[in-house]
2 protein chains.
Amino acid sequence: MTKAGYHHGDLRRTIVSAAVEAIGESGLDGWSLRELARRAGVSHAAPAYHFGDKAGVLTAIAADGFGLLADALEEAQPDFLAAGVAYVGFAVGHPVHFSVMFQPALYRPDDETLRAAETRAAEVLRKGSNAVPGAAARPGDATLAAWSIAHGFASLWISGALRMPPDADPVEAARPVLRLLVGDHGSQ
Amino acid sequence: MTKAGYHHGDLRRTIVSAAVEAIGESGLDGWSLRELARRAGVSHAAPAYHFGDKAGVLTAIAADGFGLLADALEEAQPDFLAAGVAYVGFAVGHPVHFSVMFQPALYRPDDETLRAAETRAAEVLRKGSNAVPGAAARPGDATLAAWSIAHGFASLWISGALRMPPDADPVEAARPVLRLLVGDHGSQ
DNA sequence: CAGCCAACTTGCCAATGACAAGATATCGCA
DNA sequence: TGCGATATCTTGTCATTGGCAAGTTGGCTG
């Protein structure tokens with residue numbers, strides 16, 4: 001609900017973008033509110049007005065992230081394998097959002113905007129998880145397995161633990177891996 | 001190679017323990033070198049002598065973590081499902097180590113001690129991964145899948161994203177989930 | 001045009017990370 | 001035993017930061 005056209009225009013969004021960029025460059029604790037203010041050309045306390053503190057900025061990033069993730073997953077429906085691949089694609093494409101999202105200690109998990117996006121993303125996962133072999137017997141486990149393998153692959157890729165060649169395509173690398181769990185059922 | 005019996009005795013280990021504890025209480029950026037120094041009863045600059053900076057402390061934590069992980073995995077050999085369960089058990093039992101380990105931006109990935117432990121842990125994964133169905137065709141993918149599902153489950157559990165009841169046992173919850181990938185082959 | 005309020009700014013303080021220089025205890029060695 | 005070398009720790013310092021309080025600006029409304 002940011003009203004555009006004030007002193008700066010849309011400082012809120014500017015700050016979030018700058019934060020994502022800064023974190024991408026210098027890591028999760030290589031940024032400061034004051035640096036964001038400088039980048040945006042405002043005074044050192046301006047960010048605090050919109051976000052309160054650092055956790056506020058990270059809350060906004062996480063909320064954006066869950067929104068983007070939900071979008072990506074919904075677009076891949078109803079092909080569940082494609083949804084898994086999309087999960088990895090989102091994570092690798094937005095590593096800062098992804099990293100923040102799954103460290104709730106960094107932000108305010110009870111934020112309203114955030115929880116809405118979070119719920120939306122979780123729904124897509126639950127809906128499509130019956131494509132996993134053996135899902136009928138224990139549907140909860142199938143959801144967990146699918147979520148886990150996509151999340152794990154994405155996390156490991158981002159962290160660099162997989163030591164892939166720099167030009168490797170994470171999305172194409174993920175597909176055969178996810179297929180080992182989901183099988184060749186493909187859609188539905 | 002810390003020689004014990006100096007002024008403090010074993011400040012290096014004391015600081016690492018205090019850091020793990022502090023991070024566990026207040027999160028990854030809720031601690032300071034000065035706080036660790038106070039807890040250990042030394043001057044504010046003492047930690048810097050042993051670790052240089054914050055990244056140095058986190059490097060030590062990550063190295064310890066990879067060592068502990070390698071121990072846990074080796075103990076579970078040759079049952080690959082058990083190794084997966086052990087992976088989750090380590091992560092949930094040492095969430096601070098686990099979180100740090102897979103955020104290389106926080107520490108110095110080229111540290112010697114660290115790389116040794118890291119390599120040892122990676123070896124165990126590679127060795128046992130042929131228990132995954134379809135592993136013969138694409139052994140690399142089977143390793144990735146197994147690592148991903150265990151890593152993903154652990155990460156999601158620690159982050160709280162799974163919204164499990166507080167008394168739930170992560171290790172027992174993981175077993176049927178991992179079995180969906182590994183199958184009932186059990187050992188070797 | 002008068003007042004109101006959102007959107008900033010200015011000023012401030014304790015805490016921190018990092019560095020430099022000094023102090024001290026232990027150890028090797030004559 | 002004594003002495004110097006060295007690892008370990010302390011003291012002092014400085015720029016930077018997060019966060020708070022209080023002031024200011026500029027558009028909007030009635």
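Quantities reported herein were computed from a predicted structural model and do not represent experimental measurements. First the proteins, then the strands, lettered A, B, ... as listed; each starts at 1. Computed over heavy atoms, backbone and side chain alike; hydrogens, waters and symmetry mates excluded.
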For [X] and [N], is the shortest distance between a side-chain N/O and OP1 or OP2 below 4.0 Å?
X       : N      : result
B:Arg38 : C:dT16 : yes
B:Tyr49 : D:dC9  : no
B:His44 : D:dG12 : no

Is there a path from B:Val57 to B:Tyr49 through hydrophobic residues (I, L, V, M, F, W, Y) whose side chains come within less than 4.5 Å of each other?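 No; tracing contacts between hydrophobic side chains, which count when under 4.5 Å, never links both residues.
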Rounded to the nearest Å, what distance is computed from the [atom1] atom of residue [X] to the [atom2] atom of nucleotide [N]?
X       : N      : atom1 : atom2 : answer
A:Arg13 : C:dA7  : CZ    : C1'   : 17 Å
B:Leu36 : C:dG17 : CG    : C1'   : 12 Å
B:Arg12 : D:dT8  : CZ    : P     : 10 Å
B:His50 : D:dC9  : NE2   : C1'   : 8 Å
B:Leu11 : D:dT10 : CG    : C1'   : 12 Å

Can you tell me if A:Tyr107 uses its side chain to pair, donor with acceptor, with the backbone of A:Met101 under 3.5 Å?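 Checking the backbone N and O of A:Met101 against the side chain of A:Tyr107, a donor-acceptor pair under 3.5 Å is found.
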Could you check A:Arg34 against A:Ser43 and say which one's nearest nucleotide on DNA chain C is further toward the 5' end?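 Checking each residue's closest nucleotide, the 5'-ward one belongs to A:Ser43.
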So B:Ala48, base contact, sugar-phosphate only, or nothing? Heavy-atom distance under 4.0 Å.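 Touches nothing.
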Looking only at the side chain of B:Leu33 (C-beta and beyond, no hydrogens), which of the listed nucleotides C:dA18, D:dG18, C:dT9 gets closest?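 Closest nucleotide among those given: C:dA18.
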Using the ring of each side chain (for Trp, its six-membered ring), is B:Trp147 parallel, tilted or perpendicular to B:His151, with breaks at 30° and 60°?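 Judged by the thresholds at 30° and 60°, the geometry between B:Trp147 and B:His151 is perpendicular.
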Do A:Arg108 and A:Asp53 pass the salt bridge (Lys or Arg N to Asp or Glu O under 4.0 Å) test, and can you show the C-alpha distance, the side-chain angles, and the key distance before you say yes or no? CA-CA 11 Å; A:Arg108 283 188 276 277; A:Asp53 54 6; 3.2 Å; yes
Sidechain N-carboxylate O distance under 4.0 Å for A:Arg120, A:Glu123: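 Not counted as a salt bridge, because no side-chain N and carboxylate O are separated by less than 4.0 Å.
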Side-chain ion pair, B:Arg175 and B:Asp169, N-O less than 4.0 Å: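 A salt bridge is absent here (no side-chain N lies under 4.0 Å from a carboxylate O).
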Does any residue of residues 51-62 of chain B have a heavy atom under 4.0 Å from DNA chain D, and if so, which ones, in number order?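 Heavy-atom contacts with DNA chain D come from no residue of residues 51-62 of chain B; none.
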